[in-house]
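Heads up, the thing below is written out as structure tokens.
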Amino acid sequence: AAYIRSWLDAKDIVLARRLAELADITPSAPPPEADIAAAANVSRSQAAKNMKRARAAADVPEVEDLLASGGVTVEHVDALGRALARLSAEHRLLLAADGARLAAIAARSTPEAFDKFLKLEIARLDQREAGDRLERQKRACRLRSWTDRDTGMVCGRFELDPETGLRFLGRLDNAVDTLFHDKPPTPALRVTAARTTCERLL
């Protein structure tokens with residue numbers, strides 16, 4: 001069963017790559033994700049995931065060959081794709097050029113272990129990666145609020161880089177605890193205090 005699943009995943013990758021090639025030579029063609037979603041009856045997000053897998057497999061065909069033969073799973077390909085996406089073009093080529101070694105390690109590793117190995121490879125190839133990643137995360141910080149149409153409740157979502165997030169959560173906890181040092185707040189009061197503190201901190 002595992003072999004059949006890997007073989008089918010490999011075929012999905014081949015199909016996704018072919019559709020991407022057709023889209024490149026036919027500007028009027030719909031995005032390949034749309035064709036994949038329609039043909040396979042999957043969501044657009046799943047189709048986009050297939051496209052990412054196709055790109056990663058194309059960069060390291062040794063791993064794709066292993067997938068087709070059941071030697072690795074599609075989760076190994078996903079880990080490889082994440083690693084390649086985090087590298088600069090120069091370092092991505094260096095990692096991909098080591099395909100035979102990557103495939104050998106993937107074949108004897110779980111997807112989680114392979115992911116950890118790839119993170120070490122990223123650090124080895126690009127000493128600046130960790131700092132660059134943090135800067136990208138800082139630029140991607142988001143704060144969004146909306147009103148739920150069914151309940152009328154005001155909802156919110158924030159995405160913060162690890163450094164800012166830890167600092168924010170620490171300040172939030174300290175501020176709420178200070179406001180209610182002598183008497184534990186009701187849930188409603190704690191929410192109000194948290195919202196007020198958020199407005200001051202962000």
Side-chain angles (χ1 to χ4, degrees), residues 1-24 31-33 35-37 39-140 159-166:
Y3 164 74
I4 294 174
R5 180 67 266 171
S6 293
W7 183 81
L8 289 173
D9 286 332
K11 291 301 181 183
D12 285 343
I13 285 174
V14 172
L15 173 62
R17 183 183 302 121
R18 181 54 181 159
L19 289 172
E21 292 170 353
L22 292 174
D24 286 340
E33 291 85 353
D35 285 336
I36 293 172
N41 195 27
V42 297
S43 66
R44 283 289 189 99
S45 61
Q46 180 60 49
K49 184 179 292 186
N50 287 348
M51 288 303 305
K52 291 178 182 178
R53 290 169 176 169
R55 287 190 287 270
D59 286 340
V60 188
E62 295 90 344
V63 172
E64 181 177 356
D65 292 340
L66 265 182
L67 178 67
S69 64
V72 297
T73 68
V74 75
E75 285 77 17
H76 288 86
V77 179
D78 289 340
L80 178 62
R82 289 191 297 271
L84 292 169
R86 288 172 58 180
L87 289 169
S88 65
E90 175 188 358
H91 292 130
R92 188 159 56 247
L93 288 174
L94 288 175
L95 182 63
D98 207 10
R101 184 170 70 98
L102 294 177
I105 292 172
R108 60 176 185 265
S109 304
T110 65
E112 293 80 10
F114 187 50
D115 186 60
K116 291 180 180 178
F117 163 76
L118 289 170
K119 288 176 180 176
L120 292 175
E121 287 295 284
I122 289 172
R124 180 181 66 82
L125 288 170
D126 190 355
Q127 297 297 323
R128 301 169 303 172
E129 196 277 333
D132 290 345
R133 185 185 184 200
L134 180 59
E135 287 304 312
R136 290 195 301 270
Q137 289 174 327
K138 285 181 178 292
R139 291 194 296 269
E159 296 181 59
L160 304 174
D161 64 88
E163 185 179 282
T164 303
L166 287 174

Which heavy atom of [X] sits nearest a heavy atom of [Y], and at what distance?
X	Y	result
Ala58	Pro61	O-CD, 3.6 Å
Ala16	Ala54	CB-CB, 4.0 Å
Ala68	Ala10	CA-CB, 3.7 Å
Phe114	Leu102	CE1-O, 3.6 Å
Ser6	Val72	OG-O, 3.1 Å
Leu87	Leu125	CD1-CD1, 4.2 Å

Enter the distance from [X]:[atom1] to [Y]:[atom2] here, rounded to the nearest 0.5 Å.
X	Y	atom1	atom2	result
Lys52	Leu80	NZ	CG	14.0 Å
Phe117	Thr110	CZ	OG1	13.0 Å
Arg53	Asp9	CZ	CG	6.0 Å
Glu163	Lys138	CD	NZ	3.5 Å
Leu8	Tyr3	CG	OH	9.5 Å

(request) Sort and list the pairs that fulfil salt bridge (charged side-chain N to carboxylate O under 4.0 Å, His left out) and have at least one residue in residues 66-77, not counting sequence neighbours. (result)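 For residues 66-77, and leaving out neighbouring residues, there are no salt bridge (charged side-chain N to carboxylate O under 4.0 Å, His left out) pairs at all.
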(message) I need the full list of salt bridge (charged side-chain N to carboxylate O under 4.0 Å, His left out) pairs touching residues 91-112, with sequence neighbours left out, sorted by first then second residue.
(response)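 Those involving residues 91-112 are Asp98-Arg101, Arg101-Glu121.
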(request) Give a yes or no answer on whether the side chain of His76 reaches the backbone of Ser109 with a donor-acceptor pair at less than 3.5 Å. (result) yes
(message) Taking the basic N atoms (NZ, or NE/NH1/NH2) and the acidic carboxylate oxygens, is any pair closer than 4.0 Å for Arg82 and Asp78?
(response) no
(request) Report the residues that fulfil side-chain hydrogen bond (donor to acceptor under 3.5 Å, both in side chains) with Glu159, sequence neighbours left out, ordered by chain and then residue number. (result)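 Counting only residues at least two positions away or on another chain, Glu159 forms no side-chain hydrogen bond (donor to acceptor under 3.5 Å, both in side chains).
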(message) Can you pull out every side-chain hydrogen bond (donor to acceptor under 3.5 Å, both in side chains) where at least one residue sits in residues 54-69? Sequence neighbours excluded, please.
(response) Arg17-Glu64
(message) One pair to check against side chain to side chain contact (heavy atoms under 4.5 Å, CB included): Asp115 and Lys119. What are the steps and the verdict?
(response) CA-CA 6 Å; Asp115 186 60; Lys119 288 176 180 176; 3.3 Å; yes
(request) With sequence neighbours left out, write down each residue that passes side chain to side chain contact (heavy atoms under 4.5 Å, CB included) with Lys11, or none if nothing qualifies. (result)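 Partners of Lys11 under the side chain to side chain contact (heavy atoms under 4.5 Å, CB included) test: Trp7.
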(request) Might you confirm whether atom CD1 of Ile4 has over 12 heavy atoms from other residues, nucleotides or ligands at distances under 6.0 Å? (result)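 Incorrect, the count does not exceed 12.
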(request) Output every pair passing ring pair (Phe, Tyr, Trp, His ring centres under 6.0 Å) with a member in residues 54-75, not counting sequence neighbours, ordered by first then second residue. (result) none
(request) Dump the intermediate steps for side chain to side chain contact (heavy atoms under 4.5 Å, CB included) on Leu84 and Leu118, then the final yes or no. (result) CA-CA 9 Å; Leu84 292 169; Leu118 289 170; over 6 Å; no
